[in-house]
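The next block holds one structure in the form of structure tokens; read it before the comments.
All chains are named by letter (A, B, ...) in the order of the sequence lines, taking the proteins before the strands, and each is independently numbered beginning at 1.
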Amino acid sequence: MGVKLITCGLPYANGKAHIGHLRTYIPADVYVRYLRLMGENVLFICGSDCHGTPIVVNAEKEGMHPKELVNIYHEHFKSVFSAVGVEFDYFGRTDSDYHHEMTTQFVKKLVENGYIYSKEIELAYCPKCKRFLPDRYVEGICPYCGAVARGDECDQGCGRYLEPGEIKDPRCKICGTKAEFRKQKHYFFRLTAFREFLLDYLDKLKGTENALNYAKEWVKKELKDWCITRNLEWGVKFPGENLVVYVWVDAPIGYISYTKEACRLKGCDWKAIWIDGISNGKIRWADITHFIGLDIVYHHCIFWPAMLKGADFALPSAIVASGMVKVEGKTFSKSRGYVVWLEDDYLRRGFHPDYLRYYIVNYTSHQKDLNFSWRTLMDKVNNELIANLGNFIYRVLYFTWKNFDGNVWEELDEFNLDREVIDNIAKAKDEITKALKKWEFKVASDTFMELSSFGNNYFQSMEPWELIKKDKVECARVVANCLHIVKALIVLSYPVLPFTMKRVAEYIGMNLDCIKIDSVLELDNIKVVKKPKPPFKKIEEEEVDRVEKVMLERIRRAEEVEKKKEVVKIEDFSRLDIRIGKVLKAEKIEKSKKLIKLEVDTGGEVKQIVAGIADTYSPDELVGKLVVVLVNLKPAKLMGVESQGMLLAVDVGGKAVLLIPERDVPPGSRVK
RNA sequence: AGCGGGGUGGGGUAGCCAGGUAAUCCCGGCGGGCUCAUAACCCGCAGAUCCGUGGUUCAAAUCCACGCCCCGCUACCA
């Protein structure tokens, strides 16, 4: 049987795992587990995305080599994934030798096939950092509204999208130095050559509509050739040049290199997956499903297939994009505090991974936005998992244990499942199978909850607690039916709740390792082999209060930071009367560490100003200097001396550096 | 600004593509029942002008047009 390859978008090894990541990984893992349940031969692949400017910048900030930074997050992701039960067959990294090798081969193939050309382009460069600046590392003035803007977007002003080079007064966002524009030879991928191919491909590609529609529109609209090299040390070298290939070129190639590694370890054939495929029409299809976030649709539906086609690989057959995550009703945002960190907020606080798995899969359809709220988590766990599913499983197992010592079969000579029990189990199995074909994980999980609900109903209407007193055989028959529902529930919900169901399965001596979905309808002499415990632990109100408090505090702090970045209007600025002043007199204030009393001519008026600059300046050197003064500041007394204004200076590690006009200007000149 | 997705009882959804009695299911609310079960389970009830306006039609949540609102994306952040 052919191998089905399932991948997840590669996590960027530059920060910790948060709930947004799991929006993609958990459904993918659930899908993989269901596929295996249905007898498919699946390879589940992922790994760290380790290159790119942000990692280099961040590593510098932390005083380490990019590799060290990557090591940290690579291990972090691995441990978090394992803690939430996302079990990849292979979890690689793009800074490994095998990946560099694969990427180099891939790029060479593109060159060989004539899809790469070079061109000189102008790019922003920071002479101090000695680095070319991606747009998001450029800060300047928005040409439309005058607000401070990023290189690609006026994020604090008018919100307009800016074309590269459009921004005024570009500066390096990291060090503030004025950016230069430098000419540089770069390599481009002839994406435009794939327009017809992509239109045809996207027409036949399977996946969620949110991904496909979006990509189709994009291709119809306009395609540009794609610049695929960067001036950076860290990354995969572009053959024969002192450039690296752009991370978005090498990252998806990770899907291939990781498959190859996985196959080397497991003894399968990576070429059968990525090269051979199955031809249908003009397209050579590979049995590959990419699970991704909505934000990287165009990479996976446009750039990636074009790259694969251009390098003679087979093409993925499905792209499944998950919706976005909201936190407590607000758009997910790390900077605004609307984030749930998996390690610190969730796992370390003792929340069970299965709860989160259920929440993510069951809250809404895979394509829609998912709102995470702690209170909803509590509601869903306590009222759904526990009250419905957990309760049914437990009441049946415990009833069996208590009244039959775990074995109902001694009472029964002959046994058949009730028609309605068979029908309901069969229906659940079919519905789940159908739902998975459409990546409707909510429908799948609702379905086993429905079966559990049926179980509760059945139990209730049969009243085994009454039967046990009157008719033990009939009671055993009812319980046997219930035990089969329990078995079906374990199997059908196992992909969503692997930790819990594995434990529950032990109560009936069942091994889930190689279990197949068809077994839900097979008759078994199910016995309860050890004293059952309730499958789930409730989430207490207090736990939610506590974690909500942490979150609110985080949001509050973020808002404070945000306030500091607040945009002011020109009118606000013009309320400040800032003028050039000439220092007439200066003397140190006795007993103070760094205060100097100055007399400053601000044009027709001599002001007495106290400034905390004695660390850097002596009174003598100040006399005669031109300085910048805020003159309409409300007077205040410092160490008993009145100050009628403020000298403007830069604070460099607590030391003042005065602002001085660059040319000789008359005192009193207004600063604007 | 452009493009994409979406707006159905308090929350989440089904239905829309193939119009047909005013609408599915889950959670929550209210009332009752049961006691095997983690105050769990079972039954019943309330609650929606299906974003607005106009159009097509015998008939619209469903089709068309315009408008409003929310979300996402826009290639050199990954």
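One can find a donor-acceptor pair under 3.5 Å joining the base of C36(B) and the side-chain atoms of Q460(A).
With both pairing distances under 3.5 Å, C41(B) is matched to G33(B) as a Watson-Crick or G-U wobble pair.
The nearest whole Å value for the distance from the NZ atom in K427(A) to the C1' atom in C25(B) is 11 Å. To the nearest angstrom, C1' of A78(B) lies 14 Å from CZ of F332(A). Atom pair F459(A):CZ and A37(B):C1' shows a separation of 7 Å (rounding to whole Å applied). Between the NE2 atom of H299(A) and the C1' atom of C76(B) there is a distance of 10 Å, given to the nearest Å.
Within 4.0 Å (heavy atoms only), K368(A) reaches sugar-phosphate atoms of the nucleic acid but no base atom. Across all strands, K402(A) comes closer than 4.0 Å only to sugar-phosphate atoms, never to a base (heavy-atom distances). Within the nucleic acid shown, Q367(A) has no heavy atom closer than 4.0 Å to any nucleic acid atom. Among the atoms of the strands shown, only primed sugar atoms or phosphate atoms (P, OP1, OP2) are found under 4.0 Å from some heavy atom of N456(A). At the heavy-atom level, Y398(A) lies under 4.0 Å from the strands shown only through sugar-phosphate atoms. Among the protein residues, L123(A) comes within range of the nucleic acid bases, having at least one heavy atom under 4.0 Å from a base atom. Within the nucleic acid shown, F392(A) has no heavy atom closer than 4.0 Å to any nucleic acid atom. In this structure, S461(A) reaches neither bases nor backbone, as no heavy-atom distance under 4.0 Å exists between it and the strands shown. P11(A) comes within 4.0 angstrom of nothing in the nucleic acid, heavy atoms only.
Remark: N391(A) is not in phosphate contact with A37(B), judged by side-chain N or O atoms under 4.0 Å from OP1 or OP2. Phosphate contact (OP1/OP2 of G12(B), side-chain N/O of N362(A), threshold under 4.0 Å): absent. Proximity of K538(A) to the phosphate of A39(B): no side-chain N or O atom is located under 4.0 Å from OP1 or OP2. Contact between the side-chain N/O atoms of K334(A) and the OP1/OP2 oxygens of C77(B) is not found at any separation under 4.0 Å. Here T376(A) does not reach the OP1 or OP2 of C27(B): none of its side-chain N or O atoms lies under 4.0 Å away.
Distance check on atom C1': U57(B) versus G20(B) gives 12 Å, rounded to whole Å. Across the C1' atoms, G7(B) and G12(B) are found 14 Å apart, a figure rounded to whole Å. To the nearest whole angstrom, the two C1' atoms, one in G33(B) and one in G52(B), are 45 Å apart.
Ring centers of F332(A) and H18(A): under 6.0 Å apart, within the cut-off.
Checking C26(B), G4(B), C77(B) against every side-chain atom of E384(A), the shortest atom distance belongs to C26(B).
The number of heavy atoms from other shown groups lying within 6.0 Å of NZ (K16(A)) is above 12.
A perpendicular orientation is assigned to the rings of H299(A) and F303(A), their planes being inclined by more than 60° (bins at 30° and 60°).
Positionally, the nearest nucleotide of RNA chain B for E450(A) lies more toward the 5' end than for the other of N403(A) and E450(A).
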